[in-house]
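These values consider heavy atoms only, across backbone and side chains, with no hydrogens, waters or symmetry-generated copies. In what follows, chains are A, B, ... by sequence order, proteins preceding strands, each numbered from 1. All values reported here derive from a predicted model rather than from experimental measurement.
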Protein chains: 2
Amino acid sequence: MLDLRQFAVLDAIARTGSLAAAARDLHYGQPTISHHLRALEQHLGTELVTRSATGAALTPAGELFLDHARAATTRLAVAEREVAELRDFGGTVLRIGTFESAGARLLPQVLAELGAGHTVQVELVEGEPLGLLEQLLDGSLHCALLYDLDGDTSVTDAALRQRTLEREPFRIMLGAEHPLAGNEVIDLADLADADWIRSRSVLEASERALLAAAGAAGFVPNTLLHSEDYSLVHAFVAANVGVALIVESAVDTRYRVVARPTVQDLGVRRVRFVATATPSPGQAGVLAHLEDLLIGAAGVE
Amino acid sequence: MLDLRQFAVLDAIARTGSLAAAARDLHYGQPTISHHLRALEQHLGTELVTRSATGAALTPAGELFLDHARAATTRLAVAEREVAELRDFGGTVLRIGTFESAGARLLPQVLAELGAGHTVQVELVEGEPLGLLEQLLDGSLHCALLYDLDGDTSVTDAALRQRTLEREPFRIMLGAEHPLAGNEVIDLADLADADWIRSRSVLEASERALLAAAGAAGFVPNTLLHSEDYSLVHAFVAANVGVALIVESAVDTRYRVVARPTVQDLGVRRVRFVATATPSPGQAGVLAHLEDLLIGAAGVE
DNA sequence: GCTCATTACGGTACCCGTAAGAATG
DNA sequence: CATTCTTACGGGTACCGTAATGAGC
């Protein structure tokens, strides 16, 4: 009989690199790890881990099995969570991840429409794309709105179903008084000496787009400050202290700023709806409905 | 600690409708069932089964948990199977389900192309759509080619990823000597008294299409014989003993038969590629490649 | 000699069956 | 009273830790 403890043991071995370290990690004795691993190998009839004096490593069979076992384990974790929600709240909770601007622009109307037909409790979780992605994979979120650079292949996990909602090219945001603000199209090279307001994370789509475009134009952008706060960014740009990379829909027209394309390719920000491929039966319908509403709201091509 | 036996117990209760029957089904004593169920309920902190003197029924929480538990269990069954294959065969086996005509028309060239780039062992399984679907859901198949009536929603399980490859309208196949064979378009009403060669299974797409169209035209088709054997069907139709419903690509031109559309709508047979949404990491790439090749081979719109 | 893994041994806990009790129809 | 589920009790298994042995850097 297969045992969930055996999965935890194999997982710990894979993570830590040795049986002894796995034992410490799980607060077990070393022999217990050896015992469970042996039992699992005996059940499957093949070696899962190659032992040595320096540590242990998984065989291909071990990797294969662990991958399935992890999937089963996360599924069970989701089961426990959802049962607890049903017990404590009395209904199904749909957890939707989102990034800041989409949460404000797309979701309010869509959730209002969604609420009409269904009786699920919606819980919104805000976060950056990579964090949301991780939560999707471990079952903390049922679906999410996230963005990335068009052409990114980071979201390719088979356990996730995805759909592109919007594609929006990046722009350069300048103060209205900026010397280049009059130009309809800007040459990035003219901004080689400009001070940039940039994201704090190098993993941000806008950061990667800026570095790629600036690199192609032959310069490394000077940094004025790092910030994720849109009102701050707008204020600095309006004051003509710095420039920034942004998408059109994120421009706040109350500030004295303009957004301009460049002769160079700045890349495209893609907004996607990503959902678990294996939802609960009660949520499958709501998820499909939500996806339809979002597609309608985004006016996808 | 969650236990796989508990899942088997809950599953048996759901299937049989009582703890006692579940005990018989699992070859356990009745108290053992009670014990495991109690342990699971205690772990989850909620009632999963309502007991009575007449039997037992699952609560909503029980249904919810069972659904997840079944998914996890099938995933583990797939894991065991694949590890055994890796052990006995030495590599990954990709099991593809298919129905007869697609197996002959689409797959040979596609599999030849597929073999070039990958090193997986391909295993073909032939069967009718519903059987293939069932095998997909329990993990016996990794993907399948199957057909159904356009508009069917039977294949909507979230655990399956699907893609339509072809749409082909149904035709009436007549002997070349048939009085109506000269008409470009046939009125079904003229065939109200004809003898039909039909499928053995009422679940077949062609059967459902025929019954719907005949019903709309105001008659119930007479049956000459039931058969799935295409050469037999062709021979009888060529001999002008009966007529049959068929799609264009399945017509064997070596027989003296013609295929004609009708003024009534006969429906459309849809060929689909369906794959598990959660493949092994080693198979995800091959599956995607296979899907691309099939789309190319089918010349999908 | 340190860390690594395996083997041996004993205590405890849990699993499972038998037997008896309570409730429903 | 037949069937259902629950509780109680006892035997056996298997889990887990401590201790001791062997292997490699």
>> If you compare all heavy atoms of I13(B) against all heavy atoms of L19(B), which two are closest, and at what distance to 0.1 Å?
In response: CD1-CD2, 3.3 Å
Does OP1 or OP2 of [N] have a side-chain N or O of [X] closer than 4.0 Å?
{"X": "R51(A)", "N": "dT6(C)", "answer": "yes"}
{"X": "S34(A)", "N": "dT6(C)", "answer": "yes"}
{"X": "H36(B)", "N": "dC16(C)", "answer": "yes"}
{"X": "R38(A)", "N": "dA5(C)", "answer": "no"}
{"X": "H35(B)", "N": "dC16(C)", "answer": "no"}

>> Could you tell me if S199(B) and E228(B) have a donor-acceptor pair between their side chains, going purely by distance under 3.5 Å?
In response: yes
> Ignoring hydrogens and geometry, is there a side-chain-to-backbone donor-acceptor pair from S201(A) to L203(A) under 3.5 Å?
Replying inline: yes
> Is R200(A) salt-bridged to E207(A), cutoff N-O under 4.0 Å?
Replying inline: no
> Along DNA chain D, 5' to 3', what are the outermost nucleotides having an atom less than 4.0 Å from a heavy atom of chain A?
Replying inline: dC15(D) to dC25(D)
> How long is the span from the CG atom in L210(B) to the CD atom in E204(B), to the nearest 0.5 Å?
Replying inline: 12.0 Å
>> With a 6.0 Å cut-off (strictly less than), is the heavy-atom count around CD of E134(A), excluding the residue itself, greater than 12?
In response: no
> Of the nucleotides dT6(C), dT18(C), dG25(C), which has the atom closest to the T54(B) side chain?
Replying inline: dG25(C)
>> Please pick, from dA5(C), dC4(C), dT7(C), the nucleotide with the shortest atom-to-atom distance to any side-chain atom of R24(A).
In response: dC4(C)
